[in-house]
Amino acid sequence: MRILQLHSNFIVYKPVEKEINIAEESKKEETRLEEIVVLFTAIEEGDSDALSKKAIDDVRAFLGKLKVNRILIYPFAHLSSNLSQPSLALSIIKDMEGYAKANGIETFRAPFGWNKQFTISIKGHPLAEQARSYASNQVTTASQASLPIESNKEAPVSAALKAEDTLKSYWHILQTDGLLVPIEGYKFKGKSNLQKFSQYEIKKTRAVTQMPPHVPLMKRLEIADYEPGSDPGNIRWYPKGRMMKALLEQYVSMRIAQYGGMEVETPIMYDFNHPSLSSYLNRFPARQYVLKSEDKELFLRFAACFGQFLMAHDAQFSYKQMPVKLYELTRYSFRREKSGEVVGLKRLRAFTMPDCHAFCTDLEQAKKEFIIRFDLCIDVLENIGLIKDDYEIAMRFTKDFYTENKDFIKNLAQKFGKPILAEVWNERFFYFALKWDINFVDNQNKAAALSTDQIDVENAKRYDITYVDEKGEKQYPLILHCSPSGALERDIYALLEKAYRDQMTGKPPMLPLWLSPTQVRLIPISDKFLNKVEEFAQQITNHCIRVDIDDSSATLQKKIREAEQEWVPYIIVVGEKEIESGMLSVRVREEKKQEPMTIQQFIIKISEKISGKPFKPLPLPMYVSKRPQFHG
RNA sequence: GCCUCGAUGGCUCAGCCUGGUAGAGCGGCUGCCUCGUAAGCAGCAGGCCGCGGGAUCAAAGCCCGCUCGAGGCUCCA
């Protein structure tokens, strides 16, 4: 007996004419069945009734997995060249039908002995197509693999990706005292975020039902939106969002300049066939945007590494100048992530990432530099608005590296002050000896990496980057790769997710003051006070504070409601009282209350809170009534 | 790439099962109201019901295909 079992969206068949004289009676009508498992069945020489039970039992096991309970038994002679006698075949088929029905399966059957035409739509999942064959002496099944339809297509998978499958990694928790505890024995008491993150990394569980909260927020707050006219993951930024992103760009660039990074700019596209690039690139064939220009094949960069490495290759430097630090703000880095995994601001195909490389003489220098950058990353994130409670760290290294650099790793763990998820390999496969990343855990318990730094022990050689040592000899440096903030879009994602979480716990959701598009909203009680309000606005603007005026004709209550919904941190209603007394009643979002103060006091208070941060003027007209609406 | 679900004014969504005139709220526009800390009132405009095909006297609705989106699977240097 041979059965081809197909999980189908639908099948339509129509008996055309009788093929043999013992054919069953049937009308020549079209039959359509949906959501059904179709069993194309051929009965072979020597098959017995016992086989029909065995076959149906197997089918029943599959129905459970497929969550379907309807089958169509479809006599199909073409599966075998060793068919049994038609009369016996019909009896076995009827037997199958009866046994299936007796087992509670909703069973249909196509007529035996007819030439039938059919159309079938087969589902695409791995279990949808199964073939079995049964011999009567020993009831064996040759399932799945024996079928030629079976797709064993080898997708072009890079060596690195393949290795990840087979690579054994051992998960530990790195405690603040530098000790590694196997994760099985670790008590996560009070560390639920770390536990969630560990689960995410190790088990790769991704059970989620709703849209991530930051997506509706980014739209409603007119920060960013999908751009259907582009490719998925290429985002459109509205004025408010563009301003926020520009401020982040300025801030991170400033911090890296202070650290000593020399800002450069390199091309966004590279020649696929460039000798230094191709060996690196060929490890990740499926990930690039590829474009053709005349007879050249180019790819869009996925990080700043290429440009900076090619630049470093041509540059001349010695141990005296090291570490040499190059920095670029990549706008953009492109990664052609699979369509199903691109989400909101969390995972994009085009994103903005600060990328700072430090070329170091040896491991001692690299370690020293690494610590400085670790502090820098944590501080940058904190200033952006993400504190240690908001994220967890994952660190990856080999057993040997840990043994040889215990103090160094302990130092990092102590600095962080919270346990760290550690992935330990027996052998180094990747190009780095040590890597860590900061991971934000969002409202769906999904993790997204922000800041990261790595010690790269391979690429200097690959790109032939050298420095001159004390003896005048050429040496390969170690390269640190660091993004102190991670992708800036992702920072905004994290801020929005964090705000949503605040809202859920009863705190007012808001953006950090220095990133808020409107920092202060002035609301005149009536048109009469508009002139005076404009004077206030001018005074506040003079101190580099973004202030706007709601001059619309709505009621006072409505204007306040709208300002609150825009997450405006300070709302000031101005009427006769304020103008006469000079005392403003400032509605402070953060504290959910109103505070009286003079305009000077107010300006000082705000200025203190945003000192040290870059400033950009209001991204929209000062008068609310003059603003277009970018999102319904 | 696969699975599931979805696509209806600018936005959010109802209507679809059971075919027969396309609905609401928000937003927009116009007018009234000039207001004391989270939604004032009234009127008006605005829709190729994603695209293509099929069955039907008749399709937003039923059937098929396609496109796009969301979530999941897979994957994530």
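Order of the sequence lines sets the chain letters (A, B, ...), proteins ahead of strands, with each chain counted from 1.
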Rounded to whole Å, CD of A:E562 lies from C1' of B:G27 at a distance of 10 Å

Ranking B:G36, B:G71, B:A38 by distance to the side chain of A:P212, first place goes to B:G71

Whichever of A:S585 and A:F432 has the more 5' nearest nucleotide on RNA chain B, that residue is A:S585

Rounded to whole Å, CG of A:N234 lies from P of B:G69 at a distance of 11 Å

**Prompt:** If you measure from the P atom in B:C17 to the same atom in B:C62, how many Å do you get, rounded?
**Reply:** 5 Å

*Does A:Y226 place a side-chain N or O at less than 4.0 Å from the phosphate oxygens OP1/OP2 of B:A70?*
yes

Same-atom distance (C1') from B:A45 to B:C64, integer angstrom:
38 Å

Decide yes or no on side chain to side chain contact (heavy atoms under 4.5 Å, CB included) for A:L480 and A:I455, but give the supporting numbers first.
CA-CA 5 Å; A:L480 308 186; A:I455 304 178; 3.7 Å; yes

Comparing A:V573 with A:D527, nearest RNA chain B nucleotide closer to 5' gives the residue A:D527

From the candidates B:A70, B:U34, B:A77, the one with an atom nearest any side-chain atom of A:S526 is B:U34

Pick the C1' atom in B:A70 and in B:U21, then give their distance to the nearest Å. 34 Å

Check every strand shown and say whether A:E564 touches a base, only sugar-phosphate, or nothing at a heavy-atom separation below 4.0 Å.
base

To the nearest angstrom, the CZ-C1' distance between A:R627 and B:G27 comes to 16 Å

Q.
Can you check the distance between B:C11 and B:U37, where both ends of the measurement are the C1' atom (answer in whole Å)?
A. 27 Å

- Phosphate contact (B:G36 OP1 or OP2) by A:K558 side-chain N/O below 4.0 Å: no

Using the ring centroid of each side chain, check whether A:H214 and A:Y493 are separated by less than 6.0 Å. yes

Closest of B:G36, B:G71, B:A38 to the A:E576 side chain is B:G36

*Does A:R220 make a side-chain N or O approach to OP1 or OP2 of B:U12 shorter than 4.0 Å?*
no

**Item:** Side chain to side chain, A:P517 and A:Y238, heavy atoms closer than 4.5 Å
**Value:** no

In whole angstroms, the gap separating C1' of B:A77 from CZ of A:R462 amounts to 11 Å

Side-chain atoms of A:Q565 come closest, of B:U37, B:A38, B:U34, to B:A38

A:Q454 CD to B:A77 P, in whole Å, measures 10 Å

- request: Check whether the ring centres of A:F299 and A:F306 lie less than 6.0 Å apart, and answer yes or no.
  value: yes

Pairs under 3.5 angstrom only: tabulate donor-acceptor contacts from the side chains of residues 353-360 of chain A to other protein residues two or more places apart or in another chain.
residue	atom	partner	partner atom	Å
A:D355	OD2	A:A304	N	3.1
A:H357	ND1	A:Q308	OE1	2.5
A:H357	NE2	A:H481	ND1	3.2

* Asked: Which whole number of Å gives the distance between the C1' atom of B:G15 and that of B:G47?
  -> 14 Å

Q. How is A:K219 classified with respect to the nucleic acid when contacts are heavy atoms under 4.0 Å: base, sugar-phosphate, or nothing?
A. nothing

Rounded to whole Å, CZ of A:R347 lies from C1' of B:A77 at a distance of 11 Å

**Asked** How far, in whole Å, is B:C63 from B:G46 if one measures between their C1' atoms?
**Response** 33 Å

Dot-bracket for RNA chain B, 5' to 3', Watson-Crick and G-U pairs with both distances under 3.5 Å, [ ] for crossing pairs, | for partner on another strand, reads (((((((..((((......[..)))).(((((.......))))).....(((((..]....))))))))))))....

(Q) When the C1' atoms of B:A59 and B:C16 are compared, how many Å lie between them, rounded to an integer? (A) 10 Å

Rounded to whole Å, CD of A:E222 lies from C1' of B:G10 at a distance of 11 Å

Check your understanding: Between A:E564 and A:R561, is the closest basic N to carboxylate O distance under 4.0 Å?
Key -> no

Testing B:A38, B:G28, B:G36 for proximity to the side chain of A:Q629, the answer is B:G28

Discussion item. For A:K605, I'd like to know if atom NZ has over 12 heavy atoms of other residues, nucleotides or ligands within 6.0 Å.
Written reply: yes

Under 3.5 Å donor-acceptor pair, A:R587 side-chain atoms to B:A38 base atoms: yes

Looking only at atom P, what distance separates B:C13 and B:A7, rounded to whole Å?
10 Å

_Does B:C35 have OP1 or OP2 under 4.0 Å away from a side-chain N or O of A:T555?_
no

request  = I would like to know whether A:D437 and A:R396 meet salt bridge (charged side-chain N to carboxylate O under 4.0 Å, His left out); could you show each step before the answer?
outcome  = CA-CA 9 Å; A:D437 38 82; A:R396 295 156 220 271; 3.7 Å; yes

Taken to the nearest whole Å, CD1/A:I523 to C1'/B:C35 is 12 Å

Exercise. Indicate, with a heavy-atom threshold strictly under 4.0 Å, whether A:L556 touches base, sugar-phosphate, or nothing.
Key: sugar-phosphate

dist A:N439:CG -> A:E392:CD (nearest 0.5 Å) comes out at 8.5 Å

Contacts satisfying side chain to side chain donor-acceptor pair (under 3.5 Å) that involve residues 567-582 of chain A (not counting sequence neighbours) are none

